[in-house]
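Residue numbers count from 1 along this sequence. Counting starts at 1 for both ligands and their atoms, following the listed order.
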Amino acid sequence: MRMIQVKTYEELSRKTAAIIAAQVIAKPESILGLATGSSPLGTYANLAEAYRNGDLDFSSVTSVNLDEYVGLTGENDQSYRYFMNTNLFSKINIDPKKTFVPNGCADDVTKECEEYDALIQSLGGIDLQLLGIGLDGHIGFNEPDDCFTKETHRVTLDPSTIEANARFFASIDEVPTEAVTMGMQAIMQAKKVLLIANGQNKKEILEKAFYGPITPQVPASILQLHPDLTVIYSEN
Ligand code: GLP
């Protein structure tokens with residue numbers, strides 16, 4: 001594991017974007033595993049800027065996102081599909097048909113989960129997976145549990161996650177209580193994993209996840225076993 005500590009969120013965002021840019025330059029047909037939340041916003045802005053400057057070409061890239069709320073359509077401005085379209089996809093030249101986010105409104109969510117794993121397999125797995133981390137140690141929406149779940153699956157969100165994510169909604173009652181998330185297999189099979197976190201409030205969970213025991217009660221701790229993990233943290 002490489003733990004890179006930086007001073008500001010801007011520096012974190014520039015470094016993270018530089019690592020993703022290097023991946024896309026070295027392998028234009030990369031499969032990028034992408035994340036939502038506030039942490040990657042600066043990274044996505046930097047990637048969009050590099051595209052505008054003519055330094056990056058996303059035309060051969062495919063993206064697979066980690067998760068989506070159950071019950072929100074892509075038109076809902078709180079859905080992760082909407083987040084990705086707004087903050088990244090509409091600002092770069094990625095082919096929209098090659099951007100994948102789980103469908104939280106599928107009639108058959110179990111089938112949707114199976115198909116999402118089959119899709120990732122058919123793409124040959126993820127080259128670079130970007131992750132944030134929840135205050136309870138969740139990655140994607142893999143919440144603390146008695147075991148790690150391999151496959152893409154439907155989850156009931158922890159009350160603490162609902163509370164943490166309420167800041168994006170008009171009220172806490174509007175936060176969906178369930179989500180679909182990529183499981184640990186696709187994440188752990190990614191060739192490179194890049195986890196980013198900022199703020200004092202993430203310090204304790206980072207210590208638990210990367211310097212504590214590997215346990216499904218702290219889902220991100222499984223990443224200690226990944227052969228190519230980079231963590232970038234900024235206290236501010
Ligand atoms: C959500 C997402 C996670 C993300 C987490 C942290 O719960 N499902 O993928 O890592 O939020 O978000 P933030 O970056 O806003 O702290």
Answer with yes or no whether Gly140 contacts ligand 1, where contact means a heavy atom under 4.0 Å from a ligand atom. yes
Which of the atoms in ligand 1, numbered in the order shown and given with their element, are less than 4.0 Å from a heavy-atom of [X]?
{"X": "Phe141", "answer": "7 (O), 8 (N)"}
{"X": "Gly37", "answer": "12 (O), 14 (O), 15 (O)"}
{"X": "Lys202", "answer": "13 (P), 16 (O)"}

A student comparing Gly199, Ser39, Ala220 should find that the heavy atom closest to atom 14 (O) of ligand 1 comes from Ser39
Option set His138, Met182, Arg167, criterion heavy-atom distance to atom 7 (O) of ligand 1, minimum: His138
Can you spot which of [options] makes a side-chain contact (heavy atoms from CB on, under 4.5 Å) with [X]?
{"X": "Thr181", "options": "Ile139, Asn142, Ile187", "value": "Asn142"}
{"X": "Tyr44", "options": "Thr86, Leu130, Thr16, Ile92", "value": "Leu130"}
{"X": "Gln129", "options": "Met188, Met182, Lys191, Lys192", "value": "Met182"}

Between [Y] and [X], is there a salt bridge with N-O shorter than 4.0 Å?
{"X": "Glu68", "Y": "Arg81", "answer": "no"}
{"X": "Lys203", "Y": "Glu207", "answer": "no"}
{"X": "Glu10", "Y": "Arg14", "answer": "no"}

Identify the closest protein heavy atom to atom 4 (C) of ligand 1: which residue and atom is it, and at what distance? Thr36 O, 4.0 Å
